[in-house]
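Beneath this line is the structure, given in structure tokens, with notes to follow.
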Amino acid sequence: MAATLSVQLTYFNNSNSPQDAWHKHVKTARTNRNSRIVNKQKVSKFGSLNRTQLNTVKALVEPEPSTRSLTRVLCNVVDSGCMENALYLFEKMIQLDTYIRNTYIWNVMIRGCTNNGLFREAVDFYCRMGFEGVRGDNFTYPFVIKSCTGLLSLMEGQKVHAKLFKIGLDLDVYVCNSLIVMYAKMGYIEFAERVFQEMPVRDLVSWNSMISGYVASGDGCSSLMCFYEMQALGMKPDRFSMISALGACSLEYRLHCGKEIHCQVLKCGFELDVMVQTSIIDMYGKCGRMDYAERFFDRISPRNVVAWNAMIGGYALSSRFLESLAFLRKMQDGDKLNPDIITMINLLPSCAQLQALLEGKSVHGYAIRKGFLPHPVLETALVDMYGECGKLDMAERVYGQMTEKNLISWNAMLAAYVQNGWNNKALVLFQDIWHQPFKPDAFTFASILPAYSESASLQEGKQIHGFIMKSELGTNTFILNSIVYMYAKCGDIGAAREVFDHMLHRDVISWNTIIMAYAIHGFGRFSVQLFSEMKEKGFKPNESTFVSLLSSCSISGMVEEGWEYYNSMKRDYSIDPGIEHYGCMLDLIGRTGNLELAKIFIDEISLFPTARIWGSLLTASRNNQNIELAELSARHILSLEHDNTGCYVLLSNMYAEAGRWEDVERLKCLMIKEGLEKTKGCSVVEINSRTCRFVNNDRSHAETNLIYDVLDIIMRKIGEDIFVHSLTKFRPLDLRKNRANSPQKHSVRLAISFGLISTTIGSPILVRKNTRICEDCHIVAKKISEITRREIIVGDSKVFHHFRDGHCSCRDYW
DNA sequence: ATAGGGTTAG
């Protein structure tokens with residue numbers, strides 16, 4: 001017998017080493033299936049064999065194999081995890097008639113691959129088994145199905161499932177339980193339910209698989225229903241049931257339910273089980289009860305990393321970021337445990353929220369030293385942290401180096417750009433969607449829409465709107481709210497209203513948004529009207545509602561109503577005014593010209609005045625030509641935001657108007673010293689479906705001559721009064737000295753002029769610009785609207801000016 | 001001589 005085997009092994013010369021054997025197997029299996037060719041990375045997981053290992057295997061196979069059971073040897077090799085050796089042995093074995101039809105050894109190989117994460121290879125084995133004419137049995141399928149689960153390949157899984165009916169294993173309890181888990185983990189919970197429904201006999205594992213399956217698909221309620229139904233049928237839950245049910249409570253924030261299960265755990269004596277313990281901590285943390293979590297955590301011993309991680313994550317979730325970071329120390333010093341990848345992932349959001357860049361960086365450094373990177377989840381958390389801390393270059397670097405980008409990491413990078421005002425970069429990244437294998441979700445749109453609001457054209461805004469409506473998110477309230485705002489910011493208040501009117505479910509934010517939309521367009525009457533409607537429909541106004549409403553009153557100059565709402569806010573809704581509300585009221589007071597009151601108002605604010613508050617006073621001073629107060633405001637602003645360019649420009653303009661050229665010069669030097677540059681003014685006009693961009697003095701446009709000619713004709717028609725007005729403000733000396741900045745050639749005028757000649761008569765002209773419109777251009781725009789009888793809409797960095805028949809919606813205060 | 005269900009994560 002020994003001789004026979006030797007001979008046969010000698011003749012089997014196609015695979016001389018375990019590595020060869022592996023390659024040969026993969027090739028056979030894949031060629032047969034017309035599937036992809038060898039995945040080199042996967043194969044290399046086996047590692048290469050050194051001579052000693054090789055000899056061990058040969059020794060196992062060659063001397064007197066008949067005296068030992070070869071099968072037993074194969075099992076041992078598989079259990080040791082060295083699949084390459086196992087394959088070598090396996091290939092030798094199936095050369096023998098005794099083994100070729102032995103389902104058992106095939107099962108052992110499939111089991112080995114599955115348990116070592118070699119899912120593709122496990123499925124390959126299963127397929128090859130079919131080609132060799134060996135039938136799979138009730139032991140084969142649970143392994144194969146588990147591998148399909150690991151591959152997350154529905155197609156592969158369904159092929160296997162179909163086969164089960166043919167061979168009559170479709171009702172086997174073990175096989176069905178595996179199928180339930182497979183479908184649930186792939187996100188096809190209905191398929192899992194169907195398998196469960198059709199089982200003639202269900203055991204504890206079947207129930208547990210459903211309970212955990214529902215949790216995996218995010219449906220905690222069904223999971224808990226399953227958990228209770230099982231008990232109603234007389235089935236006693238075990239630790240697996242408890243762990244999954246606790247997960248369901250976490251998912252649904254069901255504290256009461258969670259406590260009940262905690263009691264059950266104690267009654268059943270599972271409280272010493274480490275995983276049960278962790279699940280309990282996690283449940284209390286997710287339900288926002290860190291006090292319960294702490295009490296439980298303090299009592300358990302020994303504590304492992306997972307329990308610590310659950311605590312760190314729980315604190316972060318409860319916005320107790322400092323404690324979250326402190327627990328890292330305690331974990332290292334107290335329990336002498338080393339943080340793992342999940343610890344890092346849990347810590348980073350705390351660093352981000354605390355803007356703790358130093359801590360964030362040290363987490364990054366630790367991750368690198370420990371070799372945790374690349375890791376898609378950790379990298380995403382890093383992108384997020386750097387984004388929150390304003391370190392866009394680092395966020396970009398981490399994102400750029402990611403080997404496995406996915407929807408979530410992509411969303412994180414988008415959000416980082418948008419949060420930091422890098423809208424154009426965000427829009428470019430978003431366009432990348434067409435090259436990505438994943439499709440955008442609610443988070444993507446929620447992130448990108450503000451970028452569209454700030455930087456995109458109305459035309460592009462319409463495109464993204466259409467795109468969203470075609471996706472399954474067309475009725476998502478959260479996203480529709482952003483679309484309403486986007487339309488308003490892109491200048492089309494009508495479209496904003498239409499989207500709002502067609503929403504199926506409006507929430508408070510929807511109302512706040514539409515009220516704000518009318519506010520920035522200076523249509524205060526509509527805001528007020530909508531506020532009443534909102535109350536009639538039973539919505540309770542919140543802080544933001546009043547920010548919208550008070551902004552609207554201020555922008556539209558509805559002073560009395562503004563005060564009335566301000567008082568009613570405290571009186572009728574017990575909302576204490578926040579800094580934003582004070583800002584709106586300051587704008588309102590500024591509009592009346594009562595600067596004394598404005599100063600008193602600031603003094604009486606109980607909160608620390610922000611740059612925005614002083615900005616309101618600066619605007620008020622400017623509109624009331626009070627240079628001293630403007631200087632005071634500017635000092636405050638610059639002490640808070642040294643790089644506030646707008647503040648310099650505004651003050652400089654005031655000096656210029658007053659003819660204080662030395663001060664203008666002084667500010668200019670100061671700006672240079674601070675390394676600041678005046679924002680380059682630019683205006684964009686939308687013509688049919690394209691946009692044209694103009695800077696001051698622009699002569700780059702193809703129709704430049706025509707544009708300037710039209711502007712010239714208009715200016716002459718507008719007449720002397722404007723010219724005189726300009727002269728009083730800009731002295732001839734300055735006009736000569738500083739021709740480039742002459743309002744005559746400001747970008748807004750060029751844009752309006754081009755709009756006039758490129759659009760059909762009667763349609764409004766929409767211009768958006770990045771800085772506040774200057775006083776001269778404002779006067780000119782009013783006049784143009786009068787003589788051309790065209791509506792001109794100019795959206796500047798703060799509000800939209802609707803010029804019509806010689807008047808502006810802002811009533812000359814902005 | 002082989003089987004199925006479980007904890008922390010963007």
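Order of the sequence lines sets the chain letters (A, B, ...), proteins ahead of strands, with each chain counted from 1.
A:Asn304 comes within 4.0 angstrom of no nucleic acid atom, judged by non-hydrogen atoms across all strands. Looking at heavy-atom distances under 4.0 Å, A:Asn406 makes contact with a base. Within the 4.0 angstrom heavy-atom criterion, no nucleotide atom of any strand lies near A:Leu246. Across all strands shown, A:Pro376 has heavy atoms under 4.0 Å from base atoms, whether or not it also approaches the sugar-phosphate. Counting non-hydrogen atoms under 4.0 angstrom, A:Tyr141 reaches nothing in the nucleic acid. Residue contacts for A:Asp238: at a heavy-atom cut-off of 4.0 Å it reaches a base atom on one of the strands shown. A:Val276 comes within contact range of no nucleotide atom at all, as no heavy-atom separation falls under 4.0 Å. Contact annotation for A:Val377: base contact, defined as any heavy-atom pair under 4.0 Å involving a base atom. Contacts of A:Lys405 with the nucleic acid, taken as non-hydrogen atoms under 4.0 Å apart, are absent.
For the pair A:Ile189 CD1 and B:dG5 C1', the computed distance is 13 Å after rounding to whole Å. Regarding A:Phe143, its CZ atom lies at a distance of 10 Å from the P atom of B:dG5, rounded to whole Å. The distance from atom CZ of A:Arg303 to atom C1' of B:dT8 is 15 Å, rounded to the nearest whole Å. The CG-C1' distance, from A:Leu74 to B:dA1, rounds to 11 Å in whole Å. Taking atom CD1 on A:Ile180 and atom P on B:dG6, their separation rounds to 12 Å, with Å as the unit. Between the P atom of B:dG10 and the CG atom of A:Asp340 lies a distance of 13 Å, rounded to the nearest Å. Rounding to whole angstrom units, CE of residue A:Met290 and C1' of B:dT8 are separated by 12 Å. Look at CG on A:Asp273: it is 16 Å from P on B:dG5, rounded to the nearest Å.
A:Ser279 contributes no side-chain N or O that forms a donor-acceptor pair with the base of B:dT7 under 3.5 Å. Residue A:Asn208 places no side-chain atom within donor-acceptor reach of the base of B:dG6, judged by atom type and a 3.5 Å distance cut-off alone.
Between A:Trp422 and A:Tyr417, the ring planes are parallel. Angles under 30° get that label, and only those over 60° would be called perpendicular.
In this structure, of B:dT2, B:dA3, B:dG6, it is B:dG6 that holds the atom nearest to the side chain of A:Arg239. Side-chain atoms of A:Arg111 lie closest to B:dA3 of the nucleotides B:dT7, B:dG10, B:dA3. Closest to the side chain of A:Asn107, out of B:dG4, B:dT2, B:dG10, is B:dT2. In this structure, the nucleotide among B:dA9, B:dT7, B:dA1 sitting nearest to the side chain of A:His375 is B:dA9. Here the side chain of A:Ile345 is nearest to one of B:dG6, B:dG4, B:dG10, namely B:dG10. Ranking B:dT8, B:dG6, B:dG4 by closeness to the A:Ser178 side chain, first place goes to B:dG4. Listed nucleotides: B:dG10, B:dG5, B:dT8. Nearest to the side chain of A:Val205: B:dG5. Between B:dA3, B:dG5, B:dT8, one nucleotide has an atom nearer to the side chain of A:Asn309 than all others, and that is B:dT8. Side-chain proximity of A:Ile408 to B:dG5, B:dG10, B:dA9: nearest is B:dG10. Closest to the side chain of A:Ile243, from the set B:dA1, B:dA3, B:dT7, is B:dT7.
Close to B:dT7, at under 4.0 Å from its OP1 or OP2, lies no side-chain N or O of A:Lys286. Put simply, A:Arg72 has a side-chain N or O that comes within less than 4.0 Å of OP1 or OP2 on B:dA1.
Side-chain N or O atoms of A:Asn177 include one that pairs as donor or acceptor with a backbone N or O of A:Val173 at under 3.5 Å. At least one donor-acceptor pair closer than 3.5 Å links the side chain of A:Thr149 to the backbone N or O of A:Ile145. The main-chain N or O of A:Arg135 is found under 3.5 Å from a side-chain atom of A:Thr103 such that the two form a donor-acceptor pair.
Using a 4.0 Å cut-off between charged nitrogen and carboxylate oxygen, A:Lys330 and A:Glu323 do not count as a salt-bridge pair.
Relative to the ring axis of A:Tyr292, A:Arg289 places its NZ or CZ within 45° and under 6.0 Å from the centre. The side-chain tip of A:Lys286 does not point at the ring of A:Tyr253 from less than 6.0 angstrom away and within 45° of straight on.
Here A:Tyr174 counts as stacked on B:dA3: its ring centre is under 5.5 angstrom from the base ring centre and the planes meet at under 30°.
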